[in-house]
Q: 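Attaching a single structure in C-alpha cells format; questions to follow.
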Amino acid sequence: MSLTLALLLAGQAATVPPPPATPQTPAGDQAPEPANGRLGNQQQGGGDIVVTARRRAETIQTVPIAMSVIGGTALAETGAYNVSRLTQLQPTLQFYSTNPRNSAANIRGLGAPFGLTNDGIEQGVGIYVDQVYYSRIASATFDFTDTERIEVLRGPQGTLYGKNTTAGAINITTRKPSFTPEARIELTTGNYQFVQAKASVSGPLIPDKLAIRLSASVTERDGTIHNVVTGKDLNAQDNKSVRGQLYWKPTDTLDLALSGDYGQQNPNCCVQYYARTGATQRPLNRQYAALAAAQGYVVPSTNAFDRVTDVDTPLRAKQELGGVSLLGNLDLGASTITSVSAWRFWNWDPSNDRDFIGLPITTVSANPSQQTQYSQELRIASNGRHTLDYVLGAFYFYQTIDTQGLQVQRPAASAFLLNPTSAGGRNPATLNGLTARNTIGFKNTSAALFGKLTWNVSDRFQIAPGLRLNYDKKKGDYVSVVTNGSGTALTADQRGVLAPQSYQPDFDNWNLSGDITAAYTVTSDIHAYATYARSYKSGGINLSGLPLDGSNNPILSAATVKPEKVNHFELGLKTQFLDRRVTLNLAGFWTEISDYQATVTNGQLGVLRGYLANAGKVRTRGLEFDSAFRPTDRFSFYANGAYTDAKYVKFVDAPCPPELSGGTTATAGQTPSAPGTAGGISPQNCDISGQRLPGVSKWAFSYGAEYDLPATLAGLDGQLYLGYDGSYRSTFSSNPSRSAYTDINGYALSNFRLGFKTKDSWNVFGWLRNAFDENYYEVLALQSGSTGLIVGQPGDPRTYGLTVSRSF
C-alpha cells in the first residue's frame, strides 16, 4: 500500500464501505483498524476514512471542518515523530521552539504570541491526547508514543471541545488495548548517533472483558551544534516515555479506559548563537561590534552554519510530564454519555545562556516550574443519524503553576546594558553579581457549557449551530527580589536593568460564543460547507514582570490582558472523483481578531523579557488545498498547500524593530530598515499597522510521491518502495515587529526513503532527510540590550539512517 494518500487522510484510520453516509458511533469509541494496517480499500477508491473530530465517528470527507489526518504508519515512515516534524507535512501548522517551555503551536498564523512564553495566557491551538486537554505546549516537544492517528483541525473548535480553541486543535489518538494479542517493535539508527526504539504489546487479561496495552519510546541523538569551549555538542535529543492502558468492558453498553503515562527529557539543549549583526540607531559605541571589540571578544564563527558556539553557561532542558486519565462511555441506546477525567503534571528544570555569546553578561536566566492540572469533561451525544443530532457537554479545568525564576548578571553586563554616560558607566562592578530571584504563583480556573446541534434538513443539507458559555478566572502572585551582592541599596543603573517588583494580578470573565455551519452534499463524493464562528480566547495576566515607569516602578495597569474577540468565516469543498482515486479538498478563510494578545518589549534598557499586551486588531485570510492522486495501484502522489495573508490591522504601540532601536523619530513610510512602519516612534514603541504577523509564511506547501513493486526477499512476499516527501515555506518574520534583520528566508526540504515491507509484518527502510543539506533557520531573535546582535537556531542538517519495524 502507498504512503502518500495517508499524508492527506490517515495512515491507520478506519474504513467504511461506500456510499459515504455519515456513520455515528458513540462519542469516544475507537474506529476499528483495517486489516491491512493502513488505508484499507480507500487506496482502491472503495471507502472513506473515519475520524472523531466532532466527538463522533464520521467519514472525513463529510465532516464540514478543514482538517488533515495522519496515521501512525505515515508518522513513522516520514520521521514525523513530534509536532515540530509534523509541520513539514502540514503547511497550515507552524511550530516554533527555542526550548520546550518557550514553544508555540500556531495554525494559519494564529494561536500564541510570537516570543517568550508567558504562563498567564492560554494557547489558541489546543492539544488533546485521547480526549484529554494538555495545557502545557511543552508536551508538543515529546515524541508521539504508540499513535494511531493525528487530526489537525483548522479554525475555532470551541463548541465541540472542552477547552476553548480559537485557532484550531491537534487531536491525537493512541492505539487502544486489543482483545487479540499483538505486539509492535520499531528500531531506528542514524548519523549523529541517532537511536530510537519504540515498542508496544497488547492483549486480553480477561477475554472480551479486560485488555491491557503497554508501550514505550526512547530517542537519543548527539547535538548538531558544537561548543568549542566545553567540547560538548548542543541541541541534542534525549526523550523517554512510557504509557499503559487498561480497557474494561463489563457490559455491552459500558466501557472504561484507564490510562497512565510518563515522559522525561534531559538533553544538552537549547542554544541560539551568533547569526548576524544589524545597525541600530544607537551610538556606534553602544552597538555590538564596538562592544565586543572593547571586551577583546571574537565569536568562533560569523557563519551560523559552521554550527559552532562558545556560550559560557551549561545548557539544560530537563522536563518531566505525565498523568492519569479515565475515559468512560455509557450507551443509552438513543445516546451515549462520555466522561473524561484527568490529572496531569509538568516539571521544568532549565539552564540557559541568555546573552547567547561567550562573554559573561547574563549567565543565568532560568524559570524552573512545577505545574499540575485537573480536568473533567462530561458529554452526551446522540447515536445514529436523525433529523436532529446533538453533542452537549460540560467542562471544568483547574491548573496551578509555581515558578522560581533566577537571573544573574556578570562583569560584561555593564558594558552591554548600561549607557557609558550613566553613573555606573561601564564599570564591570556595577552589574556584576546583580541577581533577581522571582517567586511566581498562578491559579487558573475554567468552566464551560458547550453544545452542537445538527439539523439534517434533508438527506443532502444540514445546518449545525453551536454555543459555548465560558467562565475563566486567573490569579497570580509575582515577587522579584533583586540584590547586588554588596548588601547596599540598588543604584539607578542596577534598577534600570533588574527592578524589584511585587504585584498580584487577577482576572475573571464570562463570555458567550458560538458558530453555525451549513453543509450540502452535492453528490456522494462532493461536499460543500460554510461556517461562521464568533469565538473568544480567554484574557490573561502578565507573569514575566511588568514594564516600568520613569521611576522604575511596575506599571500595574499592564498586569492583565483583555480577551481576544474572534470573527471567523470559512468556505470549504471536499471532493473525490475518478472512482475516488483523486481527492481534492479546498478551504478559504477570513479571520479577524480584536484585542489580539501580542508580545511587546519594555523600553527599559537591558530588559531581558517581553510582556503581554493587546494589539488593536489582526486579520488573517487565505486559501488552502489538500490533494492526493493514485493513478495506478503502484504509484500515488499528494500535494497540500496554503496561501496565508496575516497582518496587524492596527498596532500603534508595538515594540520597535532593532534597526529603529535608540531612535526618536521616523517619517511615514520609512522602510527597512522598518518595513511598513508609519507615524512617529519613540525608543519604546512603533506603529506597525499593516505589517505581517510573525511566524507565518505567505506560501507553504508539502508534496510527495511513492512507487512500489511486488518483490520477494528472504522468502517473504512484499513490496519494494521508493518514497519522497518535500516541503516549502516562503519568507517569514521571526520578530514581533518585522525587521530586515530577522526575516527568515524561504526554504525547501526534501526527504527520501527506500524500503521493503510485507503485509502486516516487516517494514525495513533507509531514509535521508534534508537530503540536499539546506541551510535554514528555525528562529531568529535579538540579543537583549538592543546591541544589534541577531542570534539564530539553525534547522537540522542532512541526516540519514535505517528503520526496522515488525508487527506480531
Side-chain angles (χ1 to χ4, degrees), residues 1-20 34 36-51 59-63 66-71 73-75 77-78 80 86 88-92 149 151-152 154 522-528 572-588 623-643 699-710 719-728 748-755 757:
M1 280 296 140
S2 165
L3 175 68
T4 56
L5 189 57
L7 295 178
L8 171 66
L9 300 176
Q12 290 182 312
T15 62
V16 294
N36 65 13
R38 192 184 291 271
L39 280 174
N41 57 358
Q42 173 69 32
Q43 294 286 7
Q44 287 74 42
D48 284 280
I49 305 303
V50 171
V51 295
T59 59
I60 186 175
Q61 288 300 102
T62 63
V63 176
M67 62 182 297
S68 301
V69 185
I70 300 179
T73 301
L75 293 170
E77 293 189 8
T78 60
L86 192 64
Q88 294 186 28
L89 306 176
Q90 298 293 300
T92 57
R149 69 179 183 275
E151 303 168 1
V152 180
R154 311 192 287 267
V522 182
T523 70
S524 60
D525 290 327
I526 301 177
H527 306 270
L573 186 67
K574 297 189 172 186
T575 70
Q576 289 180 305
F577 46 95
L578 295 182
D579 194 27
R580 299 190 186 173
R581 290 186 179 272
V582 178
T583 298
L584 176 62
N585 296 339
L586 305 171
L623 298 172
E624 303 163 347
F625 72 89
D626 301 276
S627 67
F629 183 32
R630 186 172 177 82
T632 73
D633 290 342
R634 296 295 176 194
F635 177 67
S636 61
F637 63 87
Y638 70 93
N640 309 319
Y643 167 78
W699 298 97
F701 299 95
S702 63
Y703 37 84
E706 186 175 290
Y707 183 76
D708 59 63
L709 289 171
Q719 298 168 323
L720 281 172
Y721 64 92
L722 173 65
Y724 167 79
D725 301 292
S727 63
Y728 169 78
L749 302 177
S750 292
N751 305 327
F752 295 89
R753 60 186 181 279
L754 175 65
K757 56 191 168 188

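The model shown is predicted, which means the values in this text are computed figures rather than measured ones.
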Q: I'd like to know if the side chain of Ser627 and the backbone of Thr583 have a donor-acceptor N/O pair within less than 3.5 Å.
A: no
Q: Using a strict threshold of under 4.0 Å (side-chain N to carboxylate O), is an ion pair present between Asp525 and Arg581?
A: no
Q: Would you give the length of the straight line joining atom CG of Asn640 to atom OG of Ser702, rounded to the nearest 0.5 angstrom?
A: 4.0 Å
Q: Could you check whether Ser636 and Glu706, counting side-chain N and O atoms only, form a donor-acceptor pair closer than 3.5 Å?
A: no
Q: Strictly by modelled atom types, are Tyr638 and Asp725 linked by a side-chain donor-acceptor pair under 3.5 Å?
A: yes
Q: Using the test ring pair (Phe, Tyr, Trp, His ring centres under 6.0 Å), find all partners of Phe752 that sit at least two apart in sequence or belong to another chain.
A: Tyr724
Q: Nearest 0.5 Å, please: how far is CG in Leu754 from OH in Tyr721?
A: 8.0 Å
Q: Mind checking whether Phe629 and Phe637 have parallel, tilted or perpendicular rings, split at 30° and 60°?
A: perpendicular
Q: When you measure from the side chain of Asp626 to the backbone N and O of Ala639, does any donor-acceptor pair fall under 3.5 Å?
A: no
Q: For a side-chain hydrogen bond (donor to acceptor under 3.5 Å, both in side chains) check, start with the C-alpha distance between Glu624 and Thr92, then their side-chain angles and the critical distance, and finish with the verdict.
A: CA-CA 8 Å; Glu624 303 163 347; Thr92 57; 4.7 Å; no
Q: Closer than 4.0 angstrom, basic N to acidic O: yes or no for Lys757 and Asp708?
A: no
Q: Find out whether Arg154 and Ser68 are in side-chain contact, i.e. whether some heavy atom of one side chain is under 4.5 Å from a heavy atom of the other.
A: yes
Q: Could you please spell out the steps behind the side-chain hydrogen bond (donor to acceptor under 3.5 Å, both in side chains) verdict for Arg753 and Thr78?
A: CA-CA 8 Å; Arg753 60 186 181 279; Thr78 60; over 6 Å; no
Q: Which atom pair, heavy atoms only, marks the closest approach of Leu573 to Thr575?
A: CG-CG2, 3.7 Å
Q: Please tell me whether Trp699 and Tyr728 form a close aromatic pair, meaning their ring centres lie under 6.0 Å apart.
A: no
Q: Between NE2 of His527 and CD of Gln576, what distance do you get to the nearest 0.5 Å?
A: 7.5 Å
Q: Measure across Phe701 and Gly641 and return the closest heavy-atom pair with its distance rounded to 0.1 Å.
A: CD2-CA, 3.6 Å
Q: Give, for atom OH of Tyr707 and atom CG of Leu720, the distance between the pair rounded to the nearest 0.5 Å.
A: 11.0 Å
Q: Could you walk me through whether Leu86 and Leu75 pass the side-chain contact (heavy atoms from CB on, under 4.5 Å) test, one step at a time?
A: CA-CA 8 Å; Leu86 192 64; Leu75 293 170; 3.9 Å; yes
Q: Would you compute the distance between atom CG of Leu578 and atom CG of Leu584 and round it to the nearest 0.5 angstrom?
A: 11.5 Å
Q: Flag the pair Asn751 / Gln88 as yes when at least one side-chain heavy-atom distance between them is below 4.5 Å, and no otherwise.
A: yes
Q: Within the side chain of Lys574, is there an N or O that forms a donor-acceptor pair under 3.5 Å with the backbone of Ala528?
A: no
Q: What I'd like to find out is whether the side chain of Arg580 reaches to under 4.5 Å of the side chain of Arg630, using heavy atoms alone.
A: no
